Amino acid sequence: MKKTFKKWLVTLLSAMMVFSSLTITAAAEGEEYDLFIGFGGDDAEESGGWGFQFNSPNADNNVGDIQAVTEKIKVGETKTVSLTLPAETLHTYWIAPVLVAEGVSDLSVDVQVSIDGNDVTGDVDFAAGDAWWYEGTGEYDETKAIRLAGGYNEWGTQYMESPVFTTIEYTITLNSLTVGGDDPAEAGEPVELTGPFDLYVGFGGDAAESGDWGFQFNSPNSGDNKGDVQAVTESISVGETKTVSLTLPSETLHTYWIAPVIVAEGVTDLSADVQVSIDGNDVTGDVDFAAGDAWWYEGTGEFDETKAIRLAGGYNEWGTQYIGESPVFTTIEYTVTLNSVMAGGAAAPEEEEETPASAAGAVDLDGTYHAYLGFQTPKFSFRNAFDDATYGRDVEGDTDWFNQVTGWDGNDPITIPGTFTDAEIAGNGTYTVSVDGLEFPDGEFADQEFMNLIFLSTDIPNTEEITISDIKLTVNGSSVDLGAGPIVSPDSVDYLNMLIQNIWNDDVKELGYYAVPPTSMSITFTVSGFNYDAEAQAEEPTEAPAEPADDNSGDTAPAEPTSTDDTKKDGGANVGLIVGIVAAVVVVAGGAGFVVAKKKKK
C-alpha cells in the first residue's frame, strides 16, 4: 500500500474516532480513573533479562515480586502510586505513570517523582516530550492507556535518566480531563501548525566493511546509533530555513538510506523546499524530487511512524532513490525551508491519481512478464529485486550479479552455489519460482536461524491492475506457515513485488519454522488480472503443486506453467536490498518458530 494512501487512511480513521466521541464534551463530574505505574527493567541477575515487569495491575506478563500501590483518581484530586521491588533494579527500560481513560482530547496534570524517598522532580525535564499520550500496556491497549510525562523510555522520550531504585513514587494531581471536545483539527477542519518541530538527518551506512552498518544515526537519542557520527540538529518553524548535517569520522563506504526528518504528529499536509550538499558541493540539481512522495510518515530511532516525517531528497536502497546513486560522503547537509504544515482536514486520497500510472509504465494486459525469487541471509548473501540499480537483472558488467547467489568474504563478493528457476508470466494462472543446490558457508546462520528477506520480484508495473495471491513457500521441500503475510512491498514503487519475510517490517517479520541453512526454496503463486489465461491452465483445470519428494531433498514438481529452460539461471542473492534497521524495538516472535534476540517494547 502506498505511503500516500496510508496518510489518508490514518486521517480518515482519526476523523471517524473523533466524530464518534463528539457527543461528549467533558468527563462526567466525579468519574474515577485507574492510576498506576507501568515499568520494565532488569533484576539483579541478568542484564537484558527483563526480570522486573509491571505492565498493568492484572497483566499476565508481569514479572518479579513487585509490590504495587495503585489508585483511582478524580479531577481535582491528588493521589500517589508506587512500585517497590524485592531488590534494586539493575536497569530500567521504561517507566511511566499511567492513567486509564478513553476518548480523552485534553488533559492537564501535575507530576511529582520520588526515588527511594528522595524527591527528584527538579531533575525531571517535563518539556522533553508530550505531556501525555495514548500507548498500550499490559491489559490496556492504545485506546485506553494514557502515559504521563515524567518517566523514562530507553527507545523513546527520556524525561529522566534510567532510574535505579527499590521504591519509586509518582504523585499525580489531575487538574482537568476532557473527553471529545470541539478541537477543529480533531473535527476534521484544517488547522495550520507553526512549530517549532525537531529537524535532523537520519542515516544508515557502512563504515569499513560492506554490510557492517557501522554508521547509523536514526534519531538524536536513539539507542542504536553507531559510529562517531557528529550530527547538527535543529528546531524549525513554518517560514524558517534551517540546515542540518551529519559528519562522519571517515568517508562512508556505502549508504543504505538517508533522509531529512521532521518530528510532528497529526500532519495531513506539508510543504518544504530541500537543498542537498555533499562535502561542500551543492548537488540539489542532481536530485529527482519527483521520484516519490514529497513527504511521508516512517518511523526511525526513538520516533515511530506517528511522529517521524521523512522529506524527499534522500536515498533508500530498497525504496525511492531521489539521489540517483548511494551517496558516499564525509559530510552531508540538508537545508530545509518549511513553507507550511497542516493538521486535520479531509486529506484527499491520492490513490486515484497514482492508479494506474507508474514510473514503469502501464500494464499490457495482453502481454508477458517475469517473476524471480529473491532473498537475503543474516550474513547479507543475496539475490536482489530484478530492478535493483546495482545488482539487478539489467545491470551490465563483467559479473552477472542477478543470476548468482552473492556472498561476502570480508569486503570481497563471492559466488555461492545455487541455481535459480525464474518464471515467464503469460496470462492468469499459477506459477513457481525456485532456487536449488544452495551451499552456504559455515556460520551463515549463526546469528539467527531465519532469513532477513524472502520476496517475489516481478517486472509487472505496480498499477494494482494485476493481483498476486495464494502464495506458498517451501524450504527444503517443506511448506512454511506464512503467518499474516505476504504483502505487497510498500517500498517497491514501480513494480509489483511481494514481501514474504522482512525482519524489519512488522507485517511480515515472523514466519513459521523452516530449516536453515536451506538447500532449496520455492515460491508458488497465482496471478490474475490479465485479459487472458495461461495456455495450459485455460485448456484444463489447474492442478495443485506436486507434493515434495519423500527424501526431503527439496526437489518439488512445480505447477504448470512454470519457467522455460532459457529462464533457468545460476546463482541468486540480494545485497542492495539490505533493509534499514529503522526501529530500535524488535519484537519477540509469538508462535513463529524463532525468537528475535532484542529487547521488546512493553
Side-chain angles (χ1 to χ4, degrees), residues 194-208 213-222 224-264 267 270-303 307-341 389 580-582:
T194 59
F197 309 100
D198 289 337
L199 175 69
Y200 66 93
V201 181
F203 160 68
D206 287 339
W213 284 83
F215 292 135
Q216 293 186 51
F217 190 84
N218 294 300
S219 65
N221 297 308
S222 177
D224 58 355
N225 293 341
K226 291 183 180 179
D228 186 18
V229 179
Q230 304 300 309
V232 174
T233 65
E234 283 286 356
S235 180
I236 189 170
S237 297
V238 170
E240 292 184 332
T241 299
K242 294 290 181 72
T243 298
V244 288
S245 65
L246 295 179
T247 299
L248 312 180
S250 60
E251 188 176 69
T252 180
L253 183 67
H254 184 80
T255 292
Y256 296 116
W257 77 279
I258 194 164
V261 180
I262 286 179
V263 181
V267 173
L270 182 148
S271 172
D273 296 323
V274 178
Q275 293 177 285
V276 191
S277 176
I278 295 178
D279 292 331
N281 299 312
D282 189 324
V283 298
T284 307
D286 299 326
V287 178
D288 181 8
F289 290 97
D293 295 330
W295 66 276
W296 67 95
Y297 274 105
E298 184 169 347
T300 177
E302 68 205 87
F303 304 113
K307 297 181 180 179
I309 296 173
R310 300 192 187 185
L311 304 180
Y315 175 86
N316 188 329
E317 189 167 62
W318 47 90
T320 306
Q321 300 172 6
Y322 301 90
I323 299 178
E325 296 182 355
S326 167
V328 175
F329 64 90
T330 301
T331 297
I332 191 166
E333 294 179 328
Y334 282 90
T335 299
V336 177
T337 300
L338 190 57
N339 302 315
S340 64
V341 179
I581 304 174
V582 177

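Keep in mind it's a predicted model, so treat the numbers as computed, not measured.
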remark   = Residue pairs passing the salt bridge (charged side-chain N to carboxylate O under 4.0 Å, His left out) test with at least one member in residues 325-338, sequence neighbours excluded, are none
note = Those residues at least two apart in sequence (or on a different chain) that pass side-chain hydrogen bond (donor to acceptor under 3.5 Å, both in side chains) with Gln230 are Asp228
remark   = Taken in chain and number order and not counting sequence neighbours, the residues that satisfy side-chain hydrogen bond (donor to acceptor under 3.5 Å, both in side chains) with Ser250 are none
ask   = With sequence neighbours left out, what residues match Thr252 under side-chain hydrogen bond (donor to acceptor under 3.5 Å, both in side chains)?
value = none
remark   = So the salt bridge (charged side-chain N to carboxylate O under 4.0 Å, His left out) pairs with at least one residue in residues 273-288 (sequence neighbours excluded) are none
message = By the salt bridge (charged side-chain N to carboxylate O under 4.0 Å, His left out) test, which pairs, at least two apart or in different chains, include something from residues 243-253?
response = none
Distance-only criterion, 3.5 Å: show the donor-acceptor pairs between side-chain atoms of residues 232-242 and protein atoms not counting sequence neighbours.
unit_1 : atom_1 : unit_2 : atom_2 : d
Glu240 : OE1    : Ser237 : N      : 2.9
Thr241 : OG1    : Thr337 : OG1    : 2.8
Lys242 : NZ     : Ser235 : O      : 2.5

message = Which residues pass the side chain to side chain contact (heavy atoms under 4.5 Å, CB included) test with Ser271, not counting sequence neighbours?
response = Asn339, Ser340
task = Verify whether one side chain among Asn316 and Tyr256 offers a donor that lies under 3.5 Å from an acceptor in the other.
result = no
ask   = Under the ring pair (Phe, Tyr, Trp, His ring centres under 6.0 Å) test, which residues partner Phe329, sequence neighbours left out?
value = Phe203
key: side-chain hydrogen bond (donor to acceptor under 3.5 Å, both in side chains) against Ser326, all qualifying residues, sequence neighbours excluded   = none
message = If the condition is side chain to side chain contact (heavy atoms under 4.5 Å, CB included), which residues does Asp198 pass it with, not counting sequence neighbours?
response = Val263
